[in-house]
Student: 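Sharing a structure with you now.
For the numbers below, each heavy atom of this structure counts, side chains included, while hydrogens, waters and symmetry mates do not.
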Amino acid sequence: MKLIFCIDDKSGMMFFGKRQSQDQNLREWILNYAQGSKLWMSPYSAKQFGNNASVLADGDYMVKAGENDVCFIEDGPYSADNANEIVLCKWNRHYPADKFFDIDLKALGFKKVSAEDIAGTSHEKITIETYRRYRR
């Protein structure tokens with residue numbers, strides 16, 4: 001399973017139950033990344049993708065997602081137990097946050113395999129880092 005998170009400079013994800021930010025170009029990047037796989041997310045997250053047929057919205061998406069599926073995680077509980085890849089989309093800013101990305105990637109055997117910057121519509125630069133698990 002592949003997990004995608006959007007985080008700020010201090011690993012913040014949400015503030016008072018709302019996402020910190022969103023970006024049209026990043027949504028397109030996520031859809032392209034998940035192409036050929038099922039793309040799961042919460043109903044809250046799915047709203048920003050409109051009526052895209054590629055998006056599967058379900059409150060239990062982490063349970064329903066299969067081994068080769070992709071989960072975009074913003075607001076629900078999550079676990080890296082079944083993940084083989086984690087993508088961090090970094091806003092390169094510090095926003096107020098009360099929910100944080102708290103996975104210790106190194107301790108779980110993940111190593112960074114790539115990093116790229118994309119131009120966003122709301123952010124001049126969004127850094128996308130991909131981590132792959134090499135040991136459990």
Student: Which residues satisfy the side chain to side chain contact (heavy atoms under 4.5 Å, CB included) test with Met14, sequence neighbours excluded?
Tutor: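 Met14 satisfies side chain to side chain contact (heavy atoms under 4.5 Å, CB included) with Tyr44, Asp75, Lys99 only.
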Student: Output yes when a side-chain donor or acceptor of Asp23 lies under 3.5 Å from a complementary backbone atom of Leu26, and no otherwise.
Tutor: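 Such a contact is found between Asp23 side chain and Leu26 backbone.
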Student: Work out which heavy atom in Ser79 is nearest to a heavy atom in Leu3; give both atom names and the distance.
Tutor: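 Nearest pair, atom of Ser79 first, then Leu3: O-CD1, 3.6 Å.
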Student: Applying salt bridge (charged side-chain N to carboxylate O under 4.0 Å, His left out), which residue pairs with at least one partner in residues 6-19 are found, sequence neighbours left out?
Tutor: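 Output for this query lists Arg19-Glu74.
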Student: Under the criterion side-chain contact (heavy atoms from CB on, under 4.5 Å), I'd like the reasoning laid out for Ile86 against Phe5: C-alpha separation, chi angles, the key distance, then a yes or no.
Tutor: CA-CA 8 Å; Ile86 293 179; Phe5 298 86; 4.0 Å; yes
Student: Mind checking salt bridge (charged side-chain N to carboxylate O under 4.0 Å, His left out) for Lys64 and listing every partner two or more places apart, or none if nothing turns up?
Tutor: Asp58
Student: Can you check side-chain contact (heavy atoms from CB on, under 4.5 Å) on Met1 and Glu67, steps first, answer last?
Tutor: CA-CA 5 Å; Met1 177 183 312; Glu67 181 179 343; over 6 Å; no
Student: Using links of under 4.5 Å between side-chain heavy atoms of ILVMFWY residues, direct or through other members, which residues join Phe15 in one cluster?
Tutor: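 The other cluster members (ILVMFWY side chains, heavy atoms under 4.5 Å, direct or chained) are Phe16.
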Student: Please test Val55 against Leu31 for side-chain contact (heavy atoms from CB on, under 4.5 Å), starting from the C-alpha separation and ending with a verdict.
Tutor: CA-CA 8 Å; Val55 172; Leu31 290 169; 4.2 Å; yes
Student: Under a 3.5 Å cutoff, is there a donor and acceptor pairing between the side chains of Thr121 and Asn25?
Tutor: no
Student: Donor-acceptor check, side chain of Arg133 to backbone of Ala80, threshold 3.5 angstrom: yes or no?
Tutor: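 Yes; judged by distance alone, with no hydrogens or angles, the pair exists.
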Student: Quick one: closest heavy-atom pair of Ile126 and Gly120, and the distance?
Tutor: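 Looking at all heavy atoms of both residues, the shortest contact is CD1-CA, 4.0 Å.
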Student: CD1 of Ile118 to OG1 of Thr127: how many Å apart, nearest 0.5 Å?
Tutor: 9.0 Å
Student: Step by step, would you call Leu56 with Tyr61 a side-chain contact (heavy atoms from CB on, under 4.5 Å)?
Tutor: CA-CA 8 Å; Leu56 300 169; Tyr61 65 95; over 6 Å; no
Student: Might you point out which heavy atoms bring Ala97 and Gln20 nearest each other, and give the distance in Å?
Tutor: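 Smallest interatomic distance, heavy atoms only, reads CB-NE2, 3.3 Å.
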Student: Using the salt bridge (charged side-chain N to carboxylate O under 4.0 Å, His left out) rule, collect all pairs that involve residues 100-123, keeping only residues at least two apart or in two chains.
Tutor: Lys112-Glu129
Student: Write down the atom of Met13, the atom of Ile73, and the distance for their closest heavy-atom approach.
Tutor: CE-O, 3.8 Å
Student: Given 3.5 Å as the limit, does a donor-acceptor pair link the side chain of Thr130 with the main chain of Ser114, or not?
Tutor: no
Student: Who pairs with Ser21 by side chain to side chain contact (heavy atoms under 4.5 Å, CB included), at least two apart in sequence or on another chain?
Tutor: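 Ser21 satisfies side chain to side chain contact (heavy atoms under 4.5 Å, CB included) with Trp91, Tyr95, Ser122, His123 only.
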Student: Relative to each other, are the rings of Phe49 and Phe72 parallel, tilted or perpendicular (30° and 60° limits)?
Tutor: perpendicular
Student: In Å, rounded to the nearest 0.5 Å, how long is the span from CD1 of Ile4 to CD1 of Ile128?
Tutor: 8.5 Å
